[in-house]
**Student:** 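Quick one: structure below, then a few questions.
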Amino acid sequence: MFPKGTKRKFSDSGEEPAVSGDEPAPAAAPSAAVRALTSAYSLQRQSLLDMSLIKLQLCHMLVEPNLCRSVLIANTVRQIQEEMTQDGTWQIMTQALAAAQCPTDRLVATEVLCRQTDAAAQAGQSPKPFSVVGLEEGYHAEEVVMEGDVETEVTMSTLSPVSPQLSSASYLAGTFGMGPCWEEDEDDDGECEEDEEEDSEECVSEGEEGDRDHLSADSRTGEQVFGTFEIKHPAPPPDPALEELFSDVDPSYYDLDTVLTGMQSAPKMGPYDLLESLSSHGPTALSSSSSCRSDLNELDHIMEIIVGS
Amino acid sequence: MAGAGGGTSDVQWCFSQVKGAIDDDVAEADIISTVEFNHSGELLATGDKGGRVVIFQQEPESKNQPQCRGEYNVYSTFQSHEPEFDYLKSLEIEEKINKIRWLPQNAAQFLLSTNDKTIKLWKISERDKRPEGYNLKEEDGRYRDLNTVTTLRVPIFRPMDLMVEASPRRVFANAHTYHINSISVNSDCETYLSADDLRINLWNLEITDRSFNIVDIKPANMEELTEVITAAEFHPNQCNTFVYSSSKGTIRLCDMRASALCDKHAKQFEEPEDPNNRSFFSEIISSISDVKFSHSGRYMMTRDYLSVKIWDLNMESRPVETYQVHEYLRSKLCSLYENDCIFDKFECCWNGNDSVVMTGSYNNFFRMFDRVYRQDVTLEASRENSKPRSVLKPRKVSTGGKRKKDEISVDSLDFNKKILHTAWHPLDNIIAVATTNNLYIFQEKLN
């Protein structure tokens, strides 16, 4: 069980909101969405989302996390995201995210979201819009990310039927990826290594996360679990909004890698510097993205050695 | 008639015994994780979080107290599983015993016990004789000086104090990437299945280095994973049939004769969702935590968070019976989600003649549902009701505003005291109910 921490008291009786059929139609976009944002229902829905993201992040690192529980929580998050997308709340959040000024640091998204305390902060707490939902339904935004086009990202709410071919975008893979990554008994094709990268997002669960601001923990969780893992993506685009979208991938990759492989005394300092900085009090500005990329390659190399390929 | 559930109005349950530490400070290793009677009911096995198995044996009925069926006393205790460390993943593998299943009785007793990754076959045998009178050895084992041996004698067996030995006969390892949640022995007594979150494997009891994968629901991309296997069981009579339940509330029945890989189910049991009760927690509470065939093999029972459902194997569209275990929790789902109680996996069991089913709840309550007389009762396993042969008083949770005397309000329930594991003697009205670290044995009051 998780510590209650900052306990929010809210009435359980109003807990089960009605089907999204009661929600205003997306067509009546702005006013309905605003209404949805401020209603008690949406507040409760938001806090449920926050809770779920924290639960996904704080998995027990010593023992393998319960896959059934993770799947159920992830499905709940997905459901909330879908509903928020339908009533337009999601669009508002993505706009708020995109509008925020972000430096090109790695942990930029976390910093940004830490500073937000207004209504947009609510938006900031949610995971990246395209991540979970886009997966099965083939949301247009997925393609958008690949092409580096920021504008269309906002049109998340339009359900375009396009199904992009994503090679290794595994938004939820991290959550469940710990298992399949290490299928030594089974087919050891490239999938194994791919999964490793994807795994990295999940189960980072530094206890240090708990030290952070509640908001940032949520956003970090969201980005960790649901952020894009597109490491195969070419040079990072200079666009600050996209930069922030990719921001949390690498650090968490390192962290998870550290824990997974138990490389407590690896010679490579890059990842561990990262771990140190993360374990201390707040988001630390990192150097340019390129150094992280080279560290990534080093880690890839190390992983290959360990897996014995 | 032995094994008759009777109407719950007729059957009164009495406290018989309680096993385990008395103090409230619960050692983690003592948490009971599984309870199982053997096929005759003479033996009762429990597994705990520390990887130990404790087997109790029923004393033969004494002539002094015909009112009481025999007591259960410790028969054997052994360490079944040890904690392991997966060096590749830097993760511990818990030694907690997830399930124990007895093999049908032979000369010796065999049971399968499993933790998250490894299944072991244990042989429990008795030794009540030992050889004496060796020629070359002294009684204490030292070798005799050959010069002192002048005669030749035949060693003979002499009776000794009963010694119960548990020896591991087979270790079935390295077949599961995910956590094993179920094992089930086939009616052919040659094979058994083991199920983890995404796969089910079929084993031969004699062969440990190989198993057949018969169900695999792992998607090609793990990000598409939305459903896991939660429980699986072989049909009690048809050795080709088994079922497995999922986190989405579906049960699939598979026929192994159809194909080697039973990914295509022969039947799928699922109840349509009630639109009035729809919430964000609908899926979580529909996740099935246990599935058990009836002894007859005609029905199966599933347990989800709030209810127990009985399914007729011939009807896939909906259950034939639904029993609410603790409907008063429906309005508390958000809190239960916050403290993770909503993920508790309750088990359920049938009585010997399939007329009554039982399952656990919170506050050390457990519930019985009589299918014949359409009655249900809530009982409590607690030290307060632990006077020998004291009759258990039915408990009631008050749902409305007014709380009657002797009722307990929903907010007063202790969600740390949960009864997840219960077992019913296959022939008699004797039940074993596990609280966190104690095992309660209740018997039917005999007049």
Side-chain angles (χ1 to χ4, degrees), chain A residues 1-2 4 7-8 10 12-13 15-19 44-45 48 51-52 55 61-64 66-69 71-76 78-80 83 132 135-136 166 169-186 191 195 198 258-263 306-307, chain B residues 85-94 96 116-117 174-179 181 196-198 213 218-230 246-248 275-285 287 289 330-343 345 415-416:
Chain A
M1 294 201 197
F2 294 107
K4 296 282 171 79
K7 179 107 171 89
R8 299 175 301 275
F10 51 77
D12 276 305
S13 53
E15 229 41 81
E16 275 65 59
V19 189
Q44 287 176 349
R45 182 176 61 184
L48 184 61
M51 212 195 304
S52 306
K55 282 182 183 298
M61 270 325 290
L62 209 47
V63 184
E64 232 172 318
N66 186 335
L67 186 62
C68 181
R69 181 175 164 276
V71 168
L72 289 172
I73 298 173
N75 289 350
T76 307
R78 215 185 255 119
Q79 196 186 336
I80 296 174
E83 200 178 286
V132 177
L135 238 102
E136 298 103 42
L166 287 176
S170 55
Y171 307 125
L172 277 180
T175 319
F176 320 120
M178 279 188 68
C181 171
W182 311 96
E183 287 159 10
E184 301 305 315
D185 307 330
E186 310 187 9
E191 180 196 310
D195 283 346
E198 297 156 353
T258 306
V259 179
L260 279 185
T261 61
M263 297 189 319
I306 288 174
V307 172
Chain B
F85 195 78
D86 183 334
Y87 293 97
L88 203 53
K89 297 194 216 180
S90 280
L91 291 171
E92 270 188 21
I93 299 172
E94 274 194 310
K96 171 168 73 92
D116 284 338
K117 297 287 186 185
N174 299 322
H176 286 279
T177 309
Y178 304 96
H179 292 179
N181 53 53
D196 66 27
D197 293 317
L198 296 178
N213 176 244
K218 178 172 178 284
N221 281 326
M222 279 299 275
E223 68 258 23
E224 288 162 14
L225 179 66
T226 56
E227 192 175 11
V228 300
I229 297 170
T230 52
S246 81
S247 56
K248 285 203 167 166
N276 296 329
N277 274 333
R278 182 104 178 69
S279 76
F280 285 119
F281 307 107
S282 294
E283 186 184 320
I284 299 179
I285 62 170
S287 173
S289 52
R330 192 179 288 274
S331 57
K332 306 283 176 198
L333 290 180
C334 198
S335 300
L336 295 165
Y337 179 71
E338 189 171 4
N339 63 16
D340 264 13
C341 281
I342 206 173
F343 301 108
K345 293 199 186 301
F415 289 95
N416 288 320

**Student:** So, A/Lys55 side chain and A/Arg69 main chain: donor-acceptor pair closer than 3.5 Å or not?
**Tutor:** no

**Student:** According to side-chain hydrogen bond (donor to acceptor under 3.5 Å, both in side chains), who are the partners of B/Lys345, at least two apart in sequence or on a separate chain?
**Tutor:** none

**Student:** Can you tell which part of B/Leu198 gets under 4.5 Å to a heavy atom of chain A, answering side chain, backbone, both or neither?
**Tutor:** side chain

**Student:** Heavy-atom distances under 4.5 Å only: say whether B/Thr230 touches chain A with side chain, backbone, both or neither.
**Tutor:** side chain

**Student:** Chain A heavy atoms under 4.5 Å from B/Lys96: which part of the residue, side chain, backbone, both or neither?
**Tutor:** neither

**Student:** For B/Ser287, is it the side chain, the backbone, both, or neither that has a heavy atom closer than 4.5 Å to a heavy atom of chain A?
**Tutor:** side chain

**Student:** Quick one: which of B/Ile229, B/Leu225, B/Asn181 gives a side chain to side chain contact (heavy atoms under 4.5 Å, CB included) with B/Asp197?
**Tutor:** B/Asn181

**Student:** What residues form a salt bridge (charged side-chain N to carboxylate O under 4.0 Å, His left out) with B/Glu283, not counting sequence neighbours?
**Tutor:** none

